[in-house]
Every structure is written in C-alpha cells, then in structure tokens.
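Taking it in order: structure first as structure tokens, then the write-up.
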Amino acid sequence: MAKKKVKKKVQSEAEPSFEQALASLSEVVGQIESGDLSLDDALGQYERGITLLKTCHAQLSRAQRRIEVLSRIDDDGNATTTPYDDSEDESLEAKQQSRSRRRTREAGEGGSLF
C-alpha cells in the first residue's frame, strides 16, 4: 500500500504567528535594553530573541516566495498563478543548518576568534 504524503502546514502549531513573534521580539529587546536583567537572564532573553527573529525571517521568506509565485507574468502579459509548494522551505532550512554547522566547524578549526 502506498503511503500518502502528508503536506506540511505553512505554520506549525508551536510556531507563533508573525505578529506574535514580532511583538515578543520587541518585548525581549525592551527587557535587554532596560539593563535590569542579570547576565544569565539577558543571555536567555537574547537566545529567545534569536529564535523569534529566525521565525519572523522564515515567515517573511515564505510570504515573499508566495508573492513571487502569484505575480508572474507570461509572454502575453497575462498574470499567471501556480500553486505554492512549501516543500522547498524544508530544503532551504536543511541547507541553512548545514551551512551553520560548516561555519561552526571552520571557526573551531581556525583557532581563536580574537
């Protein structure tokens, strides 16, 4: 029996909406800028901010690709649309993670950063 391919949701249930992530990121920045946090708390908020920033960037990238797909013009000047396939997002994320691991390895092999 052939397995059915389950299409990935554009936004997972654990991932906040763009607006929620942006609002949370703004709160994180405000807390860090206030100077009232301990070093450990500030680092924790910084890490949370980076995660939120990645979420916002990924959602903006998906939106941009959808707009590009929906706004193509054919040779006759007619707008064309093609179904948006978000399976490309997974391969882009995998490439980004691979690149990040390479950079981490290269920085470790090169010795001190300073």
Problem set entry | Glu15 and Arg62: CA distance, side-chain angles, deciding distance, salt bridge (Lys or Arg N to Asp or Glu O under 4.0 Å) verdict | CA-CA 14 Å; Glu15 184 178 77; Arg62 283 193 297 266; 3.1 Å; yes

For this session: With sequence neighbours excluded, tell me which residues meet side chain to side chain donor-acceptor pair (under 3.5 Å) with Ser38.
Result: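 Side chain to side chain donor-acceptor pair (under 3.5 Å) list for Ser38, sorted by chain: Asp41.
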
Exercise. Would you say the side-chain atoms of Gln64 pair up with the backbone N or O of Gln59, donor to acceptor, closer than 3.5 Å?
Worked result: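 Not a single qualifying donor-acceptor pair exists.
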
Exercise. Is Leu37 linked to Leu43 within one hydrophobic cluster, defined over Ile, Leu, Val, Met, Phe, Trp and Tyr using a side-chain heavy-atom separation of less than 4.5 Å?
Worked result: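 Unlinked, Leu37 and Leu43 end up in two clusters.
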
Enumerate donor-acceptor pairs with a distance under 3.5 Å from any side-chain N or O in residues 22-33 to protein atoms, sequence neighbours excluded.
from	atom 1	to	atom 2	distance (Å)
Ser24	OG	Gln20	O	3.1
Gln31	OE1	Gln45	NE2	2.5

Problem set entry | Euclidean distance, Tyr46 OH relative to Thr51 OG1, rounded to 0.5 Å |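 Thr51 atom OG1 to Tyr46 atom OH measures 11.0 Å (nearest 0.5 Å).
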
